[in-house]
Amino acid sequence: MTLPPPPFGSAGEHQLQQHFGTADRADRFYDQQVRRHLTHEMRDFIGRQAMVFLATADSRGECDASLRAGPPGFVHVIDANTLAYPEFRGNGVMASAGNMLENPHLGMLFVDFTHHHVGLHINGAARLYHDGDLRRIHPGLPTDVAPGRSPEMWVHLTVEEAYIHCSKHIPHLAPAPRPTGRDVTRPRDSDYFTKPRTAPAHWPDPR
């Protein structure tokens, strides 16, 4: 008789758990921490976050990691099974959104570096919507997510699993004010890794 697949985790996960003898620990993790929906605490946590890391892959499995940021709550919790976040005008490449067109699987990682030092993983299926189309389905979407900016589209995520990230190795970061004005000594973003720079005079001599 063929046994049904485990409720959580990939075949590769379970293969390595058997190899390294961690299956019992992993089963406790799946049972105690992984959920098919967002709990009330998870929904509150998302509403306080100002950034999220994204993991996408195209139809060939080639991966891309990216960052999205905005005012706290820019990722909007529609209900316990659904999230949406806006995509604004960027460099025009649309790597993450392009991957979602080919492969809807999306991983999101929210990390609180400053207060609770905890993270939240959310995996699910993504779908792209024009702003007006998603508002017709979900009229409660926020109307002024980022003042002065209009979404080019929304990413709508149907949650498949959500679980807490171990806080043991999350570093503490102290919030600092964002620099204002243009620093003439700072290279343009496009030049940062391509043009040689000399170290500032106040850097210590490494010798």
Side-chain angles (χ1 to χ4, degrees), residues 4-11 13-14 25-57 63-88 96-97 99-146 149-168 170:
F8 293 110
S10 68
E13 284 180 43
H14 294 291
R25 274 194 292 142
D27 286 343
R28 287 194 297 273
F29 172 81
Y30 294 138
D31 182 59
Q32 297 172 12
Q33 298 194 43
V34 186
R35 298 290 178 264
R36 292 284 187 198
H37 65 278
L38 302 174
T39 67
H40 179 75
E41 293 77 13
M42 290 175 178
R43 294 158 73 175
D44 283 349
F45 179 80
I46 294 167
R48 297 191 300 268
Q49 302 313 301
M51 66 178 178
V52 63
F53 299 96
L54 304 179
T56 61
C63 300
D64 187 77
S66 191
L67 171 71
R68 295 293 182 273
F74 79 100
V75 177
H76 179 65
V77 179
I78 295 174
D79 56 42
N81 301 292
T82 320
L83 297 175
Y85 71 87
E87 287 278 9
F88 297 104
S96 298
N99 283 347
M100 293 176 214
L101 280 182
E102 298 183 32
N103 175 356
H105 297 291
L106 171 63
M108 306 177 77
L109 173 60
F110 298 87
V111 185
D112 181 342
F113 293 102
T114 60
H115 294 89
H116 301 290
H117 306 100
V118 68
L120 175 64
H121 292 259
I122 300 175
N123 298 321
R127 184 174 176 182
L128 305 179
Y129 283 89
H130 290 296
D131 183 74
D133 293 337
L134 189 58
R135 289 187 188 281
R136 280 190 286 272
I137 302 170
H138 298 292
L141 286 179
T143 56
D144 197 17
V145 181
R149 303 182 70 191
S150 299
E152 289 198 329
M153 68 183 87
W154 285 80
V155 176
H156 175 280
L157 182 76
T158 300
V159 176
E160 295 175 345
E161 61 180 22
Y163 56 93
I164 298 300
H165 182 89
C166 178
S167 63
K168 185 183 299 183
I170 293 177

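The first residue of the sequence shown is numbered 1, and numbering continues consecutively from there.
Residues Phe53 and Ser66 are not in side-chain contact: their nearest non-hydrogen atoms beyond the backbone lie 4.5 Å or more apart. With contacts defined as side-chain heavy-atom distances shorter than 4.5 Å, the pair Ile46/Asp44 does not qualify. The side-chain heavy atoms of Met108 and Leu106, taken from C-beta on, include a pair separated by under 4.5 Å. No side-chain heavy atom of Leu157 sits less than 4.5 Å from a side-chain heavy atom of Thr82. Taking 4.5 Å as the limit, every side-chain heavy atom of Trp154 sits out of range of all side-chain heavy atoms of Glu87.
Looking only at atom types and distance, the side chain of Ser96 has no donor-acceptor partner in the side chain of Asn99 under 3.5 Å away.
Summarising the local packing, NE2 of His37 is surrounded by more than 12 heavy atoms from other residues, nucleotides or ligands at distances under 6.0 Å.
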Any chance you could lay out the side chain to side chain donor-acceptor pair (under 3.5 Å) test for Glu13 and Tyr30, step after step, and finish with the verdict?
CA-CA 12 Å; Glu13 284 180 43; Tyr30 294 138; 2.4 Å; yes

Could you check Asn123 against Glu160 for side chain to side chain donor-acceptor pair (under 3.5 Å), going step by step and ending with a plain yes or no? CA-CA 6 Å; Asn123 298 321; Glu160 295 175 345; over 6 Å; no

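Between Phe74 and Gln49, the shortest heavy-atom contact is CD2-O, 4.0 Å. In terms of heavy atoms, Ile122 sits closest to Ala162 at CG1-CB, 4.2 Å. Across all non-hydrogen atoms, the minimal contact from Ile78 to Ala84 is CD1-CB, 3.9 Å.
Remark: aromatic rings of His138 and His156 are close, center separation under 6.0 Å. The aromatic ring centroids of Phe29 and Tyr163 lie less than 6.0 Å from each other.
Taking CZ of Arg127 as the start and CG of Leu134 as the end, the distance is 9.5 Å to the nearest 0.5 Å.
Ring-plane geometry between Phe110 and Phe45 is classed as perpendicular, the angle between the planes exceeding 60 degrees on a 0 to 90 degree scale with a lower cut at 30.
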